[in-house]
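A quick write-up on the structure given underneath.
Computed from heavy atoms alone, side chains included, the values below leave out hydrogens, waters and symmetry copies. One-based numbering along the sequence shown.
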Amino acid sequence: MADKKPKLSLVIVLGAVSHLSKREQVIDSLSSAADLDVMQFLKKFLSKNPPTSLDAVLKSMTGALPVDIMDRIAATSLVAEAMSNPSVRTPANALRIVRNNLAHGTRGYDAENLGVPRQRSETSLRRI
């Protein structure tokens with residue numbers, strides 16, 4: 001099981017490499033048209049890292065798997081409870097909200113339900 005974790009984190013690294021190469025393409029294509037001040041500004045302030053969120057990372061990681069585990073995670077009572085809020089539209093978004101609530105102490109959840117998404121994803125991953 002330990003050999004699968006680097007493959008999942010590789011998805012995040014590849015996303016950053018893609019962003020960095022696109023950044024370089026933009027800077028190269030503008031170098032002949034923009035003045036020196038503009039180019040210095042772009043090089044300094046155009047981020048070398050893509051903007052990320054837990055939603056994006058979960059989507060990227062689960063999208064790289066040969067099976068869709070989000071359906072199983074969405075079926076848990078913890079995620080279903082979070083998705084009862086109309087502003088929460090995806091299971092990944094629900095997990096982010098639960099994680100943030102727990103991390104910041106703004107909301108508690110039934111302890112029995114907290115491990116279920118992890119157990120379901122591990123069960124699905126073992127079948128791969």
Side-chain angles (χ1 to χ4, degrees):
M1 202 60 190
D3 62 322
K4 293 205 184 268
K5 287 187 181 183
K7 291 178 186 175
L8 294 177
S9 61
L10 183 61
V11 172
I12 299 166
V13 172
L14 291 176
V17 170
S18 174
H19 175 83
L20 191 56
S21 64
K22 287 178 185 176
R23 177 188 183 273
E24 293 304 320
Q25 287 174 348
V26 167
I27 289 174
D28 288 344
S29 66
L30 291 175
S31 63
S32 61
D35 63 21
L36 183 60
D37 289 341
V38 171
M39 293 309 298
Q40 287 176 337
F41 176 85
L42 286 174
K43 286 181 181 179
K44 184 174 182 180
F45 294 107
L46 189 59
S47 178
K48 292 180 182 176
N49 300 310
T52 58
S53 68
L54 183 56
D55 291 340
V57 172
L58 284 171
K59 183 178 178 183
S60 179
M61 288 177 60
T62 58
L65 296 172
V67 296
D68 183 10
I69 64 168
M70 291 311 275
D71 290 338
R72 292 179 57 88
I73 291 172
T76 64
S77 59
L78 179 68
V79 172
E81 179 184 342
M83 289 184 71
S84 67
N85 181 332
S87 67
V88 181
R89 298 187 178 150
T90 67
N93 189 241
L95 287 173
R96 177 188 59 81
I97 289 169
V98 168
R99 180 254 170 229
N100 286 348
N101 286 341
L102 291 169
H104 298 287
T106 55
R107 173 137 189 249
Y109 296 91
D110 186 357
E112 289 181 17
N113 294 335
L114 289 176
V116 176
R118 179 191 52 81
Q119 291 167 344
R120 293 229 175 137
S121 61
E122 284 178 357
T123 302
S124 296
L125 292 173
R126 284 190 193 116
R127 293 180 183 159
I128 297 175

Seminar exercise, completed: In short, Pro91 meets Met70 closest at the heavy-atom pair CB-CE, 3.6 Å
Problem set entry | Selection residues 40-70 - residue pairs positive for ring-ring contact (aromatic ring centres under 6.0 Å, His included), sequence neighbours left out | Phe41-Phe45
Seminar exercise, completed: Residues at least two apart in sequence or cross-chain that pass ring pair (Phe, Tyr, Trp, His ring centres under 6.0 Å) with Tyr109, listed by chain then number, are none
For this session: Enumerate the residue pairs fulfilling ring-ring contact (aromatic ring centres under 6.0 Å, His included) with a member in residues 48-99, sequence neighbours excluded, ordered by first and then second residue.
Result: none
Exercise. With clusters built from Ile, Leu, Val, Met, Phe, Trp and Tyr whose side-chain heavy atoms come within less than 4.5 Å, directly or transitively, what are the remaining members of the cluster of Leu36, listed by chain and number?
Worked result: none
For this session: Consider only side-chain heavy atoms of I, L, V, M, F, W and Y, link residues closer than 4.5 Å, and tell whether Leu58 and Val98 are in one cluster.
Result: no
Seminar exercise, completed: Between the CG atom in Asp110 and the CG atom in Leu78, the distance rounded to the nearest 0.5 Å is 9.0 Å
Exercise. Between Ser32 and Ser29, which heavy-atom pair has the shortest distance, and what is it?
Worked result: OG-O, 4.0 Å
Exercise. Do Met83 and Leu102 belong together in a cluster built from hydrophobic side chains that touch within less than 4.5 Å?
Worked result: no
Exercise. Quick one: salt bridge (Lys or Arg N to Asp or Glu O under 4.0 Å) pairs with a partner in residues 23-40, sequence neighbours left out?
Worked result: none
Exercise. Is there a path of hydrophobic side-chain contacts, each under 4.5 Å between heavy atoms of I, L, V, M, F, W or Y residues, that connects Val26 with Leu20?
Worked result: no
Problem set entry | Co-membership, hydrophobic cluster, residues Val38 and Ile27, 4.5 Å side-chain | yes
Exercise. Do the side chains of Val79 and Leu114 join up, straight or via other hydrophobic residues, at under 4.5 Å, putting them in one cluster?
Worked result: no
Problem set entry | Residue pairs involving residues 78-98 (criterion salt bridge (Lys or Arg N to Asp or Glu O under 4.0 Å); sequence neighbours excluded) | Asp55-Arg96, Glu81-Arg107
Problem set entry | Separation between OG1 of Thr90 and CD1 of Ile73, rounded to the nearest 0.5 Å | 11.5 Å
Exercise. Nearest 0.5 Å, what's the CG-CG distance between Asn85 and Asn93?
Worked result: 9.0 Å
